[in-house]
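If you're wondering where the values come from, they're calculated on a predicted model, not measured in any experiment. Note that these values count all heavy atoms, side chains included, but never hydrogens, waters or copies made by symmetry.
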Amino acid sequence: MARPSRTQTLAKLDFKEPLIQAGKRETTDALLKRIKTLHQKLASLEQDAVEIKSMDPVRKPLIKDTILHHKDRGVKAYAACCLADLLRLYAPDAPYSESQLRDIFNFFLVQITTNLKLSTTSTQPLQISRNKSNILNNESQQTSSQKQSASQSQALQTNRLTDIPYYTEYYHLIESLATIKSVVLVCDVPDSDTLMEGFFTGFMEIIRPDMNKTLIRYLRDILVALIEESSSLPQGVMDCLINQFENYATRPEVLSFQLTVDVCNQVADKLKRPIYAHFSEIQSTHGRDSSQNDLQILEESHKLLLTIYKFCPDLLLNVVPLLEDNLRVSEETSLRQLSVKTLGSIFSQRPGAEDPSKRFPSAWRSWLSRRIDKNTNVRLTWIEGTKGVFTNHPEVRAELQKCLIERVEDSDDRVRAALCKVIGSLDYETALHHLDAHTLQVVGGRLADKKLSVRAEAANALTKLWNLAYSEIESNNPDATKQFAWIPEAILLNGCRGSTSLDARCQLTSVFKSAILPLPQNAEDEQAWVDRLLSVTSRLNEDALMALRKATGLVDYAKGNSPFMAFVQTCEDYNGGVIADGGQDVKARLNFIIDAIARSYFGDAEKAKRDLHEFAAANESRLFKLYKTCVDIQSNLGLIIKSKNELLRRVHQGHDGILDTITSLVEASAWNIVNQSSIPPLIRRVQKPESEASSTAAAKILGILAKDGLPMFKSHTAQLVLAMMDKKNDTLVEVALQALGGVCKIIPDVTPTERRPVEKATTIAIEGTPRQAKFAVRFLARSKEPEACDNLVNSIIKGFQKADPIQLLTHLKALTELALIRPQSVEAKSDDIMKFILDDILNAPSPSADDESGDEWVEEDTLEPLDRAKISALKFLTHRCLAFSREPTAEQILLPVLKLFNSTLENEGMVNENTREGGGARCHLRLRTSTCLLKLARVRTYDKALARHSQFDMVVGVLQDPCYMVRHLYLRKLGQVVPTQRLSPKWNITPVMLAMDPDAENVAAGRLIMQKIVAACANSPQSEKIERIEMPLARLLHFLAHHPDVRLNDPEVAEGTEDTLDEQNLKDTARFIEMYLDSVAHRDNIGLLYYIAQGLKGFRDRVGDSKPLWTLAELTEVIIKNRSEKHAWPIPVYPGKVKFPSDILHHADNPEDKQKAQRAQYLSEEMRNWAKTLGKRSINPISAQTTKKVVIDKDTSPGTTTKRKSSSTTKTKRKPKKKRRVEESDEEDEDEDEDDSGSEDDDEDEEESSANESEADEAEAVIGRGGKRGAKTKAKRAVAGKKKSKKPKSKKPDPDEEEEDEVMKDGEESDLTDLDD
């Protein structure tokens, strides 16, 4: 600072008397008075405006021990102020030596820290710090700090800062040191490090809540000045600062911590190097040792680092590269993992709006690279650290999402689970606006993960986000709908895929029930509960809707595969093991049912068995009653909620070990998605729709209930009658009729007795839509007025000639339904009906004769009315045949119909050559004819007649139809029937006909059907298994040898020449054989298959030339050998004998001809060389030990939601409505279920004799109420079957007991479906 000019008058200190009176014994008051006067005079002088020498007389006395060590606080306080003023006035030159300055500043420090400290007996001095190597176990010190803070707060109430004696002088002293910066002289005095440490620790101790902000700012300025002036920061100062971060980071309101943060932020540049040295030393000392102690020290240091970064981020600019270097350490996994975690936390914190990728670009790239670290724990730590980064830094979200998506296929399930958990932990707004839909869908893909933990985290994440978005989805918010509405569908689809394991299916179903459609807390929320179901249903595709239908439990209930009611009833019969007569049977029945439940609904079957047995052994009637209420289809929502809660509470109190199993059992078995309380709200939504989507969804659910859950309507028949009377709402009328007709069938007591419902139903059957007519007829057939059906038939016949084309479709639908469920009413007028159908419908020239569209598929409702009537007429003829399938005249009724069907197929969809139907109509007629033949084949008598009077290649030739939709829809029908093994064995080769289908999806569906055929026969007797699995190989080769499109005979080759094959045809044929072997062949039957192929050369073809058959047999031998070589399977000599099908083969005329054929080779050398590549493709061989019985569900189709390819055989255009046609076909399939098996009554006597089915097979069909017997009956039969001989004689059914006027459920068997040898 510049001195004043010489001309300027300098002030002089006006203090004449000596400060210390020599030789006199004076009082303290006198000394205090003089030194106070001196302070006032010095304070009044301005810096650089005073004559320095005038102050010399007081300069030395002030540092005398008499002053500095005076016993009076006032003397020392004023002396400190005077010394501070002298330093101010003498500046920039200090008037004292270095050692004197040291004493002076030490004196200042003592005065400030001693006198301003809060006086309390429990307050202890703040420790300077611990050593860097001793930074552990700070918990006790934190507790001490908390106690100190509490005692300080108590002392503040009685000892305010401003009440401290001489507070003004201490304030003046601090102000002078802060403003004049004279404190920087501390850095030049001896032992300056100790002094600096004293200032820091002392200031941390004296700061208190009642200090004014200016005084605190002065303290901060003093400490900042000391740091800025020091050449190197003393270790004690570093320890003091770090101690504050360690002890008070969780309590940032502590003033000493705030002071520390302020100081560090002020001098961040000065502290960067010491901070770096601090952490670097810890890492160099402890970073290369794998001991637990060293690792803990490192963890504590990184915790401190994060604390510092949170409050003073600029201090760590040099430390972040140190962490980056740690990421490259290949050997120290723990250090790498810890650094990844710390960097993730650093990037997650948001000290402003700064992008971490720009603030630390190199460290950011290195941190991102750890997502592919070789160590799983490092990758896992990286995944866990991404949440904060994603939430706090929108600038890097796109880059981070790409990196996260890469890890969704990580080899370690913990990483995949962690990724799902991170996504699920995001808040709603972030997930909605900043998370890509693709990322969510990738997480949705983990629902199919093989690991339970990954599936659980994925499901929890998605359901949490969906629940957060539900209100917005319900309000049709477009963003929320697009982002989250697909989640329930994904859960359902992943839970019902054919490849889904039982464990995964149970898990996803449980998640769906508990998180997507949970039971309400009380029954008053019934409407909201149903609306939530409607909201979900309205956004499901057809496959997901079918999965929802299965999740409700209605499908198993309707098929009789619901064992829960039988379980609780058997538990009651078991009586805790105390049984009188028949005890062993009850126990065996209980074991059987428990085994079925455990293997069908639990991933850990063994634990489930133990827990269910414990539940049964508990023999608590209250528990049984509560569970029975939960599974009773008649229970309402209130009863289910109350019973479930009480049941689980009682199990928790008395049997806590089985609580998880019982909870899962209740989730799986209770009517918690739909029950009888759902029906009134659903009817209201159809009757008075809030939106079209909710109305459509409500109608779908009511249709499902009317199909599978009819007992739920028992108490709602009055409401159904009112609904069917509606004059405006056709949908409501339709679902009401469907439900009413069904419930009147199974519970005749609830059938309305009034006349009006019958009259209304009759009117609808005549004037309504075809679907309404169908359900109206069902109601009429079960009404209390048996003549209603007769009157309806008469009315329809009278209106035949008058009906318009559209009304005619309604009449035909009504007659078709009547022909099956009320055949006597139709047969009374059969001559008139058949004459009209044949003359005026089927044989009438088609108005679409000019249609040149070829084989292009169109929607059925776009066809000409007469063509649609022809399609309906074919179904009527089929139903009429089915209705009389048990009659002696059945075949006489069938033959004209069969002739008509054959003509339709021979004419490529035209009924005959004169009707000239157009291309679109021909496609539908071919499809309907083929499905009708398949339906007829399910009756044993008709199946034999088909074999005699139809060409099998024509019947199944529709699988190679030029129209894709014909092939696809027939394949779906085939998939419903063939795997049940109720047709003759020759039908088992039909899926193989898809081997050359141009659409890969159809080929895959065919393979799936073949695999399900194998699974369905896995537990059959050996002879039957050979007949249905291996022997069809002979039928396949015979079929291929005579297939019109696979011609092996070359007409230009002279007769008798060995080389009679076209090479390309042979290559095409090999694809069929390979597909069959792909699905059937395994290690245990390869010898038998080879034996069959080899044995064919010893037989003659009954149909034509045998050489094509022998050639294909030889080719099959080559393929089997190649396949065995590929999988290292030996081909053993088959020791037994098998019976070849005599309907297509016969023995040679003499042994010489047989030997000649067996020795001859029908494949040329060139073809043999080419055939060496066959059968060597990589496949998944079928296991021979398939024990689980698999049945294709009749409403499940192979891939109805994906885009179809066009057929290569005929180039046709596909309309965009094709997918909708598939969905409509699904609906038609469901409606026709009752029709499909119309002639298949359940014969219990015959089923009782079928004791050759294994217990494992039976367990898969444990059943409750529905189309089959009850589960208790089934279990009894399974137990009783063990006691019978292996081949009991079948009992003939009593025709008097048959109910011919009832529609039979799918899955029922009778003598009509058991093939004779």
Side-chain angles (χ1 to χ4, degrees), residues 452 500-510 513 553 556-557 560-579 582-621 623-628 630-631 644 647-648 650-652 654-670 1018-1019 1185-1190 1253-1264 1270-1282:
L452 184 146
T500 304
S501 66
L502 173 63
D503 192 20
R505 183 163 59 251
C506 295
Q507 180 187 22
L508 293 177
T509 302
S510 176
K513 290 183 175 182
D556 287 340
Y557 177 82
N561 291 339
S562 182
F564 305 111
M565 184 61 76
F567 166 66
V568 68
Q569 290 173 350
T570 309
C571 286
E572 292 174 338
D573 296 341
Y574 183 62
N575 195 28
V578 182
I579 316 169
Q584 291 301 319
D585 288 344
V586 173
K587 185 175 182 180
R589 192 164 69 246
L590 179 63
N591 293 339
F592 176 81
I593 296 175
I594 287 178
D595 181 70
I597 293 175
R599 290 191 295 109
S600 301
Y601 297 95
F602 291 91
D604 189 349
E606 294 304 318
K607 181 181 185 302
K609 288 180 187 179
R610 292 193 300 269
D611 292 348
L612 292 177
H613 277 295
E614 183 178 340
F615 178 78
N619 197 30
E620 295 185 26
S621 58
L623 293 182
F624 296 158
K625 183 178 180 180
L626 291 171
Y627 180 68
K628 185 182 291 186
C630 291
V631 300
K644 176 186 174 182
L647 172 64
L648 297 181
R650 285 177 175 269
V651 171
H652 175 63
H655 311 278
D656 190 52
I658 65 172
L659 178 61
D660 291 341
T661 298
I662 299 303
T663 302
S664 299
L665 179 68
V666 173
E667 285 288 347
S669 58
N1019 297 312
Q1185 302 301 324
T1186 306
T1187 58
K1188 186 170 181 179
K1189 194 171 186 179
V1190 182
E1253 293 184 350
S1254 67
E1255 181 176 346
D1257 189 13
E1258 293 282 1
E1260 293 302 325
V1262 172
I1263 46 182
K1272 291 179 69 176
T1273 304
K1274 190 73 173 181
K1276 289 177 181 178
R1277 298 290 159 79
V1279 174
K1282 297 179 180 179

Practice prompt. Search all heavy atoms of V631 against all heavy atoms of S669 and return the closest pair with its distance.
Written response: CG1-OG, 3.5 Å
Practice prompt. Could you tell me whether the side chain of Y574 reaches within less than 4.5 Å of the side chain of N619, counting heavy atoms only?
Written response: no
Worksheet item: Sequence neighbours excluded, which residues qualify as side-chain hydrogen bond (donor to acceptor under 3.5 Å, both in side chains) partners of D660?
Response: none
Worksheet, complete the sentence: Sequence neighbours excluded, the answer for side-chain contact (heavy atoms from CB on, under 4.5 Å) partners of S501 is D503, A504
Worksheet, complete the sentence: Tightest non-hydrogen contact, residues L659 and L648, listed as CD1-O, 3.7 Å
Practice prompt. First locate atom CG of N561, then atom OG of S600, and finally report the distance between them rounded to the nearest 0.5 Å.
Written response: 8.5 Å
Worksheet, complete the sentence: Across all chains, not counting sequence neighbours, the ring-ring contact (aromatic ring centres under 6.0 Å, His included) partners of Y627 are none
Item to complete: Starting at CD1 of I658, measure out to CG of L665 and round the result to the nearest 0.5 Å.
Response: 10.0 Å
Discussion item. Does anything in residues 609-620 form a salt bridge (Lys or Arg N to Asp or Glu O under 4.0 Å)? List the pairs, not counting sequence neighbours.
Written reply: D595-K609, E606-K609, K607-D611
Discussion item. My understanding is that only residues two or more places apart in sequence, or in another chain, count here; which of them pass ring-ring contact (aromatic ring centres under 6.0 Å, His included) with Y601?
Written reply: F564
Item to complete: To the nearest 0.5 angstrom, please state how far the CD atom of Q507 sits from the CG atom of L452.
Response: 4.0 Å
Worksheet item: With a 4.5 Å limit on heavy-atom distance, are the side chains of I662 and H655 in contact?
Response: no
Worksheet, complete the sentence: Distance col, row I594:CD1 vs L612:CG, nearest 0.5 angstrom, shows 5.5 Å
Discussion item. Within the 4.5 Å heavy-atom criterion, are E667 and T509 side-chain neighbours or not?
Written reply: no
Discussion item. Holding to side-chain hydrogen bond (donor to acceptor under 3.5 Å, both in side chains), I want the full list of residues that pass it with K513, two or more places apart in sequence or in another chain.
Written reply: none
Response to the item:
Closest non-hydrogen contact found for P563 with I597 is CG-CG1, 3.6 Å
Worksheet item: Given the rule in the ring pair (Phe, Tyr, Trp, His ring centres under 6.0 Å) test, do F624 and F567 qualify, once you have shown the distances and angles that lead to the verdict?
Response: CA-CA 10 Å; F624 296 158; F567 166 66; 7.9 Å; no
Discussion item. What I want to find out is whether E572 reaches K625 closely enough, with some N-O distance under 4.0 Å, to be called a salt bridge.
Written reply: no
Practice prompt. Not counting sequence neighbours, which residues clear side-chain hydrogen bond (donor to acceptor under 3.5 Å, both in side chains) with D604? List them please.
Written response: none
Item to complete: Check step by step if side-chain contact (heavy atoms from CB on, under 4.5 Å) holds for R505 and L502.
Response: CA-CA 5 Å; R505 183 163 59 251; L502 173 63; 3.6 Å; yes
